[in-house]
Student: 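The structure under discussion is supplied below as structure tokens; questions concerning it will follow.
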Amino acid sequence: MASYVGKRLLMAIPILFGVSIVIFITIKIIPGDPVASLLGPTGSPEARAALTERLGLNDPWPVQYVKWLGHTLTGDLGTSIARRSDVAPMVLDALANTLILSAAAAVIAIVLGVAVGALTALRRTGVLARLGNALALFSISVPQYSIGLLLIIYLAAGAGLFPVSGMYAANGGGGFVDLFNHLILPAVTAALVPAGIIARMFRSSVLDVMSMDFVEALTARGLSHRRVMLHAFHNTVPSLLTVAGLQIGYLLGGVIFVEAVFAWPGIGLLVYQSITQRDLPVIQAGVLVSALAFVMLNLVVDALHGLVDPRIRA
Amino acid sequence: MTATIDATTSALPESAAPPTTTTRRRRRMTVSARIAAGVVGLIVLVAIVGPFLVGDPNAGDAARRLLPVGTAGHILGTDGQGRDVFARIVDGTRLSLLAGLVPVLFAAVVGTALGVTAGLAGKWGHRSIMRTLDVFYAFPAVLLAIAIAAALGSGISNSIIALAVILVPPVARVAETETRRLADLDYMDAARASGASRLAIATRQVLPNVAPPVVVYCTALIGLSIVYAAGLSFLGLGVSPPTAEWGLMVSDHTQYIYTAPFLAAIPAIAILVASVAFNVLGDGLRDLLDVRSEARA
């Protein structure tokens, strides 16, 4: 098991290397002159030359890349153009908030997805099953920001049940209950799309397993329906893990819309605000950190995979 | 020879092909898929002729702003600048559809080319292409699209480029899997033995067989792509105001969420209908052609 995880870790290194190249390229394709945007239109030619030299922009691209990678690896993610402060602490705070939101959404998505998927697989004809199928299809087609907006309209603004935006109340807030109240609407919004996908995948996985020989064999041996279902469920776990892992990764990207709508102070909101301010160092750092979290998550999923399915460890 | 084949097949347990409804081939499209095909046709029609049928989508009358749905002369009401919402939805169909469709077309062509090349190439060619594509799987797709679009600057062509980049890897994977499967088949050996060039094999033998699963996969991707494209506009990375486009309309209407709550829902419903139609059509095509595609990005 340890060697399996070690192998996976080693395999992540070239991927992360590739990620850093892609992000570096997006920095380089930005049209416009970074020196001009930092100095403003009034900069003298001497100041421009000095800044160009200081930013290392005279170096060839490979040299610039190595320098940039060195800074990134030592935790120096650059300086925000709009906020004039270090990007790294800003992005890490935001990442923590995004992880809280994503974790809550993941729990909702998996519970809901498994419930709907199992229901529609085991009862293929009833009204409930049709409703479940329609719901699963609907949730993967609907834009997340509009679900968020509808929830705001009816549950927050209309009925006044939940707070509309932010993470804590402006005054007298703080504490777990306050966080929980603020968390519900964005978490449900973010969970809906992955829940739909998990439901669809889990449905076909249950159908696959139920058509396997061992189910018939166990039934023939006289096991109770409940026991048979337990064995069947065990066999759906690996594929469920794959889909859930993929979808939680998808959450890390998709939360940007949810965070923008609900003003949740995570990576998504930070990136969204930085887009309007053209604050590229923050955008790149946000994407880099999300990609890192995504790669780590995939590693965890792979490790879990090896744990529940001994066949793939070999 | 035939005897051995017969022996192996009869040795298989009968339950190898369980007679459940899920494995039964459906030769006809389901009713819902046919309805979806109709809706898709209608949307395409509106995108082509719609802008000629409605008035100027940017003509606003400040005195007649935020009129409710069902007002005479403004069937879907008016927005915050007194512009007719119905005209803007119809006029925006073309851009919203193109912004979702073009990236998928691009990804279909480039992804198939890459996938087929990787599938037919030797060990190192295959590795270098597929490992490069793996890098794109290390990003949450939406976030990568946002980063690329933000770096290129707002504008519909940049949003199309950004989406195309994130859609290429999954299409390439589908094409590569299918190509590798075909590469082991006898007729490919026959083609090679008959002295056909690599290019001829790729275009005559492989492409026609790789096309169906790719087309099915891409049809389902269109729904996703429309939602993503509208999402980029929603974030301010697509077309610029006052152009009529669904995602931008949602973002524009959001500011009136307390005074006119339903306003933001109208363009959102348009996005939903388009996306559901393509998703259902994709499902229907998959059942019809009985192809199994890879998990989505």
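Throughout, protein chains are lettered first and strands after them, A, B, ... in sequence-line order, and every chain is numbered starting at 1. Bear in mind that the values here come from a model prediction, so they are computed numbers and not experimental data.
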Student: Tell me, side chain or backbone of B:L237 under 4.5 Å from chain A's heavy atoms, or both, or neither?
Tutor: side chain
Student: Taking side chain as everything from C-beta outward and backbone as N, CA, C, O, which of these in A:V22 sits under 4.5 Å from a heavy atom of chain B? Side chain, backbone, both or neither.
Tutor: side chain
Student: Would a 4.5 Å heavy-atom cut-off, applied to side chains only, mark A:F294 and B:L143 as touching?
Tutor: no
Student: For chain A, which candidate among B:G231, B:A147, B:A268 shows the most heavy-atom pairs at distances under 4.5 Å?
Tutor: B:G231
Student: Run the ring-ring contact (aromatic ring centres under 6.0 Å, His included) test against B:F278 and tell me which residues pass, sequence neighbours left out.
Tutor: none
Student: Given the options A:S290, A:A260, A:G268, which has more heavy-atom pairs under 4.5 Å with chain B than any of the others?
Tutor: A:S290
Student: Around A:F214, counting heavy atoms of other residues, nucleotides and ligands shown, do more than 12 lie under 6.0 Å from its CZ?
Tutor: yes
Student: Could you tell me which portion of B:V135 (side chain, backbone, both or neither) has an atom closer than 4.5 angstrom to a non-hydrogen atom of chain A?
Tutor: both
Student: Quick one: does B:I146's side chain get under 4.5 Å of A:Y272's, heavy atoms only?
Tutor: no
Student: Against chain B, work out which of A:I256, A:L292, A:L297 has the most heavy-atom pairs shorter than 4.5 Å and name it.
Tutor: A:I256
Student: Please classify the contact between A:I15 and chain B as side chain, backbone, both or neither, with a heavy-atom cut-off of under 4.5 Å.
Tutor: both
Student: Determine which residues belonging to residues 125-132 of chain B lie within contact range of chain A, meaning some heavy atom pair is under 4.5 Å apart, and list them by number or answer 'none'.
Tutor: none
Student: Quick one, B:F136 and A:V19 - any side-chain contact, counting heavy atoms below 4.5 Å?
Tutor: no
Student: With a 4.5 angstrom heavy-atom cut-off, is it the side chain or the backbone of A:V255 that approaches chain B, or both, or neither?
Tutor: neither
